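Every value quoted in this text rests on a predicted model; they were computed, and no experiment measured them.
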Amino acid sequence: MACATQSDALVFFVNGRKIIEQNADPEKLLLFYLRKGLRLSGTKYGCGIGGCGACTLMISTYEPTSKKIMHYPANSCLLPICSLHGSAVTTVEGVGSKKTRVHPIQERLAKCHGSQCGFCTPGMVMSMYALLRNHPDPSMEQITAALDGNLCRCTGYRPIIDTYKSFAGETACCQLRGTGQCCLDKEDVCSSSDKGNQMHSDLCNPEEFQPVDPTQDFIFPPELMRMAQEQQKRTLVFHGERTTWISPTNLRELLELKAMYPKAPLVVGNTSVGLEMKLDGVHHPVIIHPTRIPALHVVSNTNKGLVIGAACSLAQLRDVLMKVVLELPEEKTKIFRALLQQLKTLAGEQIRSLASLGGHIVSRGSTWDLNPVLAVGNSVLSLASKDGTRQIPLNDEFLAGYENADLKTKEILVSVLIPYSKKDDFVSAFRQAERRKNALSVVNSGMRVLFKPSTDIIMDLNILYGGIGPTTVSARKSCQRLIGRQWNEQMLDEACKLVLGEISLSPSAPGGKVEYRRTLLVSFLFKFYLEVLYGLNKMYPAKYPDLSKKNMSALGAFHSKAPQGMQTYQDVDPVQRPQDPVGRPIMHQSGINHATGEAVYCNDIRAVDEELFLAVVTSSRAHAKIVTIDVSEAFKVPGVVDVITAEDVPGKNGTEDEQAYAKDEVICVGQIVCAVVAESAVQAKRGVEKVKIEYEDREPILTIEDAIKHNSYFGKEKKIEQGNIEEGFKSADEIIEGEIHIGGQEHFYLETNSVLVVPRGEDNEMDVHVSTQDAARVQVLVASALDVHSSKIMCHTKHVGGAFGGKVTKPAIFAVVAAVAANKTGRPIRFILERDEDMLITGGRHPFYGKYKVGFTNDGRITAADIESYINAGCTLDESELVIEYVVLKTDNAYKIPNLRVRGRACKTNLPSNTAFRGFGFPQSGLFTESWIATVATQTGLPHEKIREINMYKGVNLTPFKEELDATNLVKCWKECMEKSDYYSRKTAVEEFNKKNYWKKKGIAIIPMKFSVGFNATLYHQAAALVHIYTDGSVLLTHGGIELGQGIHTKMLQIASRELKVPLSYVHFCETSTITVPNAIVTAGSIGSDVNGKAVQNACQILRKRLEPIINKNPKGKWEDWITEAYEQSVSLSATGYFRGYVVNMNWDTGEGQAFPYFVFGAACSEVEIDCLTGDHKNIRTDIVMDACFSINPAVDIGQIEGAFVQGIGLYTMEEIKFSPEGEQYTLGPDTYKIPAVCDIPEQLRVYLLPNSRNPIAIYSSKGMGEAGLFLGCSVFFAIWDAVAAVRKERGLTRIFTLNSPLTVERIRMACTDQFTEMIAKDKPGTYKPWAIDIA
């Protein structure tokens, strides 16, 4: 057939509004069409590859044959608009808004404190909304599955799950009140400190929730139903600038198209081809979209098995299989059940709803989980072309891409036959990933054995593995050798040897983890062996014995339960005015706006007239001289306006330490060299691809080890010392020495760095809208770069979609890059980093290397510790000097070490510069300290908690740097945590479990914490606020702090409400700006609410004092009357508040000082279970006790504690940054870098705020909670340590061992040494080039 030369009109609906696009471009993705074309900015860009869920919306389609309407969630960042013809799209704006009606999902999420920064919230709303449209009374399993594809970096997920429990079909009981347990439960959760105190555990009130009203939802447009009927037989063609999109309606036409365009891909969900186009720059002149062809959607039962059309989505496949396994005899559904097991964890619901079975099979990714199972199940592919039809087996040869077993260029996959299993068939599926759900497998496998009837003699055996090479691999030869053998231990031993002999993995294999992946080959095989033995016993109990108790524990994988939470805090004094909001769990000030998508982030600001888009060219070398920059080809790209280099900077090019545009040399991969500005973002990107840079390579330094060897450091050594080290070691009974490596961490804020610079057109004035934690720094650097006064640069920040320290220094550099371009072109510049660029350029938490020498007595008292700490600072100083200072100052954690020496260095390397990150050095130094504490406990044979208790600070003490410390609340938190967690009885239960289970082990650990808040310089604690009262009585508040999700504005409104004695509804916050509050300090260090709160309080007290004479004359008057009278009397209704800051100092020459304003104390107890064969672990329960003193807002503070804790779980157990030996970062998105998801949080998470505690120096006796909880995530690390220790003790391995961080599945598995780890090949370091290097 000939392709039409004229484009069809693309017709679809968005939120009930008809959209007709006459010139639809197949390369235009829905996300950007909505945001730019329709100005619907509620749908967010988070990653661009379907991995985070921020862009989730709902697609509704009508199937004319079945006359059914289908609703499903989808990642709009992957959806080409041309795929939407005839569809109805619902975005978060269509679900509800403040202008129309807020939907119950949105209302409950806000009221239950399920949003913090709010950037992920619209996606969370849409995932739940799509679920409710399909299942009005969902189960908790369906709810958690619906959130598989949604990431949140702020909340820790608990409040989101608690919110959505209220929609569950099963009784959620009074768990709705946030307690995580029913009032009928008999467990007594009161402790000694609860008695006599008003303790609360209801952060929201379900009685206020409005019911779900389905009549308020958009109906599917009848016009689209008519269109679906009428256009069933009409081919659609859309011509774009570079690509033509063709959507045929029948198989014959599709085959003609494939014959005409043999290289054209068939795109259904665009989850594979779309990623190739984005990540690899692949361009397809023609794309064929076959989803309207009925033959590709067939689902039928045949005599041989289940036939599934190639265009059926993975979600549809799952639903079909779930129905079939209930209807058919179990013996026929073994392959189906194995597929279902993989489908439960494969991707998120959005991808499962888009990705097709045919695409999954034909794209043949090595880590695709279904293909090995389909292959061992002897599935059959039905192919078609113009020349006819044929069937080929879906086997190892097909998956390896052998020419004689593959599709021909003009063939397409029509359907897949998944055969029924037989009675004597046994089929199993395995996978292990870095995260249990929505993560590509490290290794996966499908295994099947067929026995001679009623025997255990192998008739057929098939074993396939994914993740071992570029394609799925088969152990075909090994299987053939085993046919005819009995299923016994001798067969298993031989099978392991054969498989390891047949399937090899190079020590330099992409992906690394080589020895772990080799171990999984035989670990999975052993699990299969046991599963089959178990099955034989069930089928023929008289012939085959029960599995031993030892081996029973190897069966089964971990499955996540719906998490439950309990949050307990002290209620306000009964005499407090009901109108006074301080101390109450007030909803986040922007909570509703977050949930409706109405919160305006930097890139949500509407297009400015004549704005240009900027994209950066970054260095591809870790260390090199820049020889030439050739931009000539970039100027030939249509739409490119200019290329900006260091030569275009009129003033200072960044800072003394860090250049905005590289000049003469580059010092890391990812350094900005130049920038292309163009009329569109796409054109700017195309321009970037055309810039050619010639380098002259220089030798890079990449690791801490390299830096130490080359004496490459920033600044001087930082050192504190107390007591007499030599004498301390002399008095010790034993001395141990060791080291630990702790990996870095990506901030992974959901909103990437964003800047919009708008020249005002006169007097060199410029508005800079920027996502930052430090607007004043942005102002200073931009003014310096443009060589103008700071007074001409106006910085504005409304909402920031997460930061965690990552937006302290780098946004100023990005603002300079954009401002220089705006200055040169005279036009507004929009600079939005893509996820991979953000992760490449910005750096993260400092990788850490620590060495220790510790002396102790036989009863566990530590007499001396000599500590050396190193951090990998990267290529510029950034915040590294401060970080190493904090590492040194905080090394003692909760312990009084009488003789202590701590030394620290910041290593200068050729990696992207690392920067501030929540906890600021303490998460590394604290884990390091707890590691050698644990080693001391192991060496003495005493319980770990006893060693911690013996050495803990008690009463009034001095820190190693001579600051006074009252540890009373530290001890209280420890004892409270012991009691709340029921530590000793659960420890006994863990020990009993471990005696009975060989291949799975539990562990439990309790960790104390002393966290210092704030900065070690007074100037960083100053703050200012500006409060206006208008004549109608309304109050406008602004201050120097920036809302990052931590609820600072909410707390400031509460403070203003109390101080002015007005209802909270009267007070409004607009934005943080350098216009209203100059020279504001950075919002960081857990100190923002403290210091800005003092400034707000000061301003409000000034105003209240001015009003006092008027109020005293008319005490019964209304607020509005008083304000009117004040205005008429010419009383100023505007006031500036100021706080000079906490006085602190630190003298590094003497190693002494009052380094911090105050300390936060806490403790956490965590329990885990590990799978010794795979390294997987499950977080069972965590109890956290925190000394928050008087919480200004318990909901906000508990949210910070929980969110930080889960971020700590990520740091210590799963988040792993990988660099090549050349210094190039591999982990540049959610596909390669895994942060915790819903499946990773403890099944029970309980937070308890210590009552009756006061902090006299802070406002209202509160404490900053922003960072402290992160370190407590290491209680999970040490619970895993405890489990691993139990494994090693049982197996007679060395008692003393070190576990580095993060404690990933690989590290856990390889620490559990057994016969399988012993039988794999070991590669000698230095004999090969590794895929990745250890930079710590």
Side-chain angles (χ1 to χ4, degrees), residues 1-8 24-27 79-80 82-83 85-86 231-240 242-277 280 282-298 307-313 354-365 368 371 374 379-394 397-399 401-417:
M1 61 163 283
C3 181
T5 55
Q6 189 173 350
S7 275
D8 288 298
D25 186 346
E27 293 186 90
L79 273 178
C82 292
S83 69
H85 187 80
Q231 296 186 0
Q232 268 181 288
K233 298 178 182 177
R234 183 166 158 258
T235 299
L236 296 169
V237 180
F238 304 107
H239 294 289
R242 305 192 306 165
T243 300
T244 296
W245 180 281
I246 309 172
S247 176
T249 62
N250 59 64
L251 189 57
R252 178 187 56 78
E253 192 182 349
L254 172 62
L255 299 179
E256 288 178 4
L257 284 167
K258 191 61 179 168
M260 194 182 304
Y261 306 108
K263 292 185 178 179
L266 271 60
V267 169
V268 176
N270 204 41
T271 58
S272 182
V273 173
L275 292 183
E276 287 175 0
M277 292 168 69
D280 303 327
V282 176
H283 171 243
H284 298 287
V286 176
I287 292 174
I288 302 171
H289 183 56
T291 55
R292 298 191 299 147
I293 298 171
L296 299 186
H297 290 277
V298 65
V307 175
I308 305 288
C312 284
S313 72
L354 291 176
S356 66
L357 176 61
H360 187 91
I361 292 168
V362 173
S363 58
R364 286 175 280 209
W368 285 192
N371 288 348
L374 291 167
S379 299
V380 178
L381 305 179
S382 292
L383 312 179
S385 69
K386 270 188 76 176
D387 299 328
T389 61
R390 68 186 181 112
Q391 292 188 328
I392 62 171
L394 196 175
E397 293 183 345
F398 168 81
L399 293 174
Y402 292 171
E403 189 177 350
N404 62 342
D406 202 356
L407 281 78
K408 294 172 184 171
T409 52
K410 297 180 182 181
E411 281 184 321
I412 62 120
L413 173 61
V414 177
S415 63
V416 186
L417 169 67

For this session: State whether the side chain of Lys263 and the backbone N or O of Thr409 hold a donor-acceptor pair below 3.5 Å, judged by distance alone.
Result: no
Exercise. Are the side chain of Asn371 and the backbone of His360 linked by a donor-acceptor contact shorter than 3.5 Å?
Worked result: yes
Exercise. Which pair of heavy atoms, one from Ile288 and one from Pro290, lies closest together, and at what distance?
Worked result: O-CD, 3.4 Å
For this session: Would you give the length of the straight line joining atom OG of Ser415 to atom CD of Gln391, rounded to the nearest 0.5 angstrom?
Result: 7.5 Å
For this session: For His289 and His85, run side chain to side chain contact (heavy atoms under 4.5 Å, CB included): C-alpha distance rounded to whole Å, both residues' side-chain angles, the deciding distance at 0.1 Å, then the answer.
Result: CA-CA 11 Å; His289 183 56; His85 187 80; over 6 Å; no
Exercise. Would Leu275 and Asp280 count as a side chain to side chain contact (heavy atoms under 4.5 Å, CB included) if you check the C-alpha gap in whole Å, the side-chain angles of each, and the deciding distance to 0.1 Å?
Worked result: CA-CA 8 Å; Leu275 292 183; Asp280 303 327; over 6 Å; no
For this session: List for me each residue that meets side chain to side chain contact (heavy atoms under 4.5 Å, CB included) alongside Thr243, sequence neighbours excluded, and say none if there are none.
Result: Pro26, Glu27, His283, Ile287
Problem set entry | CA sep, side-chain torsions, deciding dist, call: His284, Met277, side chain to side chain contact (heavy atoms under 4.5 Å, CB included) | CA-CA 8 Å; His284 298 287; Met277 292 168 69; 4.0 Å; yes
Exercise. Does Arg292 reach the main-chain N or O of Arg234 with its side chain, forming a donor-acceptor pair under 3.5 Å?
Worked result: yes
For this session: Kindly indicate whether the side chain of Asn270, heavy atoms from C-beta on, has any atom under 4.5 Å from the side chain of Leu354.
Result: no
Problem set entry | Heavy-atom closest contact (Ala259 atom, Pro262 atom, distance) | O-CD, 3.7 Å
For this session: Report the distance from atom CD1 of Ile392 to atom OG of Ser379, rounding to the nearest 0.5 Å.
Result: 12.0 Å
For this session: Please check if the side chain of Asp8 supplies one atom and the backbone of Phe238 the other of a donor-acceptor pair under 3.5 Å.
Result: no
Exercise. Which of these passes side-chain contact (heavy atoms from CB on, under 4.5 Å) with Val414: Val298, Leu383, Leu251?
Worked result: Leu251
For this session: Go through the structure and list residues passing side-chain hydrogen bond (donor to acceptor under 3.5 Å, both in side chains) with Trp368, not counting sequence neighbours.
Result: Ser363
For this session: Dump the intermediate steps for side chain to side chain contact (heavy atoms under 4.5 Å, CB included) on Leu374 and Leu357, then the final yes or no.
Result: CA-CA 11 Å; Leu374 291 167; Leu357 176 61; 4.2 Å; yes
Problem set entry | Phe398 backbone acceptor or donor facing Arg364 side chain under 3.5 Å | yes
Exercise. In Å, rounded to the nearest 0.5 Å, how long is the span from CG of Leu381 to CD1 of Ile361?
Worked result: 5.5 Å
Exercise. Roughly how far, to the nearest 0.5 Å, is the CD1 atom of Ile412 from the OG atom of Ser385?
Worked result: 9.0 Å
Exercise. Do side-chain atoms of His239 reach the backbone of Thr244 as a donor and acceptor pair under 3.5 angstrom?
Worked result: no
Exercise. Is there side-chain contact between Val267 and Ser83, with at least one heavy-atom pair below 4.5 Å?
Worked result: no
For this session: Give a yes or no answer on whether the side chain of Thr291 reaches the backbone of Val268 with a donor-acceptor pair at less than 3.5 Å.
Result: no
For this session: Report yes if the side chains of Pro248 and Ile293 come closer than 4.5 Å at any heavy-atom pair, otherwise no.
Result: yes
Exercise. Is the closest side-chain heavy-atom distance between Glu411 and Lys258 below 4.5 Å?
Worked result: no
Problem set entry | Spatial distance of atom OG (Ser382) from atom CD1 (Ile308) [nearest 0.5 Å] | 12.0 Å
Exercise. Are the charged groups of Lys408 and Asp387 less than 4.0 angstrom apart, N to O?
Worked result: no
For this session: With sequence neighbours excluded, tell me which residues meet side-chain hydrogen bond (donor to acceptor under 3.5 Å, both in side chains) with Thr271.
Result: none
